Amino acid sequence: QVQLVESGGGLVQAGGSLRLSCVASGRTFNGNAVGWFRQAPGKEREFVTAISWTGKIQYVADSVKGRFTISRDNAKNTVYLQMNSLKPEDTALYYCAARIRPSASDYGRDYDYWGQGTQVTVSS
């Protein structure tokens with residue numbers, strides 16, 4: 001069982017930056033791909049970005065391409081989401097998720113473990 005804890009959310013002005021962290025506890029990330037998803041009020045959960053176990057393969061949603069970067073430090077059991085040039089439409093609850101497979105996926109149903117989320121609010 002992998003427990004995931006997100007942190008780093010907050011309130012930021014448009015154009016600002018935040019870095020989210022996702023830490024695994026209970027057991028280490030071991031062969032797990034990790035993804036970030038988000039859900040805004042009244043909207044469906046949507047894929048943001050994902051990274052394979054080795055870090056060599058990354059998928060990024062078009063809506064955040066060029067602004068968001070995913071990375072991981074397996075020695076620290078941590079995956080990061082660097083968010084730059086934030087827009088009000090990026091406001092959402094951000095979740096990290098891990099799958100038991102090493103390959104990244106942009107489908108939420110492919111993920112086995114989910115964190116509780118961290119709120120990101122971007123003011124205009």
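Note that the coordinates shown come from a computational prediction; the quantities given were computed from them, not determined experimentally.
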Parallel, tilted or perpendicular: which describes the rings of F68 and Y94, with under 30° parallel and over 60° perpendicular? tilted
Hey, can you tell me if F37 and W114 have their rings parallel, tilted or perpendicular (30° and 60° cut-offs)? tilted
Would [X] end up clustered with [Y] when hydrophobic side chains under 4.5 Å apart are linked, directly or stepwise?
{"X": "L86", "Y": "V60", "answer": "yes"}
{"X": "V2", "Y": "W36", "answer": "yes"}
{"X": "V12", "Y": "V48", "answer": "yes"}
{"X": "L81", "Y": "Y113", "answer": "yes"}
{"X": "Y95", "Y": "Y59", "answer": "yes"}

Within the side chain of [X], is there an N or O that forms a donor-acceptor pair under 3.5 Å with the backbone of [Y]?
{"X": "D112", "Y": "I100", "result": "yes"}
{"X": "E6", "Y": "C96", "result": "yes"}
{"X": "Y111", "Y": "S105", "result": "yes"}
{"X": "R72", "Y": "A33", "result": "no"}
{"X": "N32", "Y": "N30", "result": "yes"}
{"X": "E46", "Y": "R38", "result": "no"}
{"X": "D106", "Y": "A61", "result": "no"}

At what distance, to the nearest 0.5 angstrom, does [atom1] of [X] lie from [atom2] of [Y]?
{"X": "S124", "Y": "Q13", "atom1": "OG", "atom2": "CD", "answer": "9.5 Å"}
{"X": "S103", "Y": "I57", "atom1": "OG", "atom2": "CD1", "answer": "9.5 Å"}
{"X": "T69", "Y": "M83", "atom1": "OG1", "atom2": "CE", "answer": "11.0 Å"}
{"X": "I51", "Y": "K56", "atom1": "CD1", "atom2": "NZ", "answer": "12.0 Å"}
{"X": "D90", "Y": "T121", "atom1": "CG", "atom2": "OG1", "answer": "11.0 Å"}
{"X": "T49", "Y": "K65", "atom1": "OG1", "atom2": "NZ", "answer": "9.5 Å"}

Provide the closest heavy-atom pair for R45 versus Q39 in the form atom of the first, atom of the second, distance. N-NE2, 3.8 Å
Shortest non-hydrogen contact between K76 and T78, atoms and distance: O-OG1, 2.8 Å
A quick test of your reading: do over 12 heavy atoms of other residues, nucleotides or ligands sit less than 6.0 Å from CD of Q116? no
Decide side chain to side chain contact (heavy atoms under 4.5 Å, CB included) for T91 and Q119; before the verdict, give the C-alpha distance in whole Å, the side-chain angles of both, and the deciding distance to 0.1 Å. CA-CA 8 Å; T91 295; Q119 179 67 39; 4.0 Å; yes
Can you check whether V120 reaches L20 side chain to side chain, under 4.5 Å on heavy atoms? yes
Classify the side-chain pair S63/R67 by whether it contains a donor and acceptor separated by less than 3.5 Å. no
Go through it in stages, so that I can follow the logic: the residues are I70 and V79, the test is side chain to side chain contact (heavy atoms under 4.5 Å, CB included), and I'd like the CA-CA distance, side-chain angles, deciding distance and then a yes or no. CA-CA 7 Å; I70 190 170; V79 174; 3.9 Å; yes
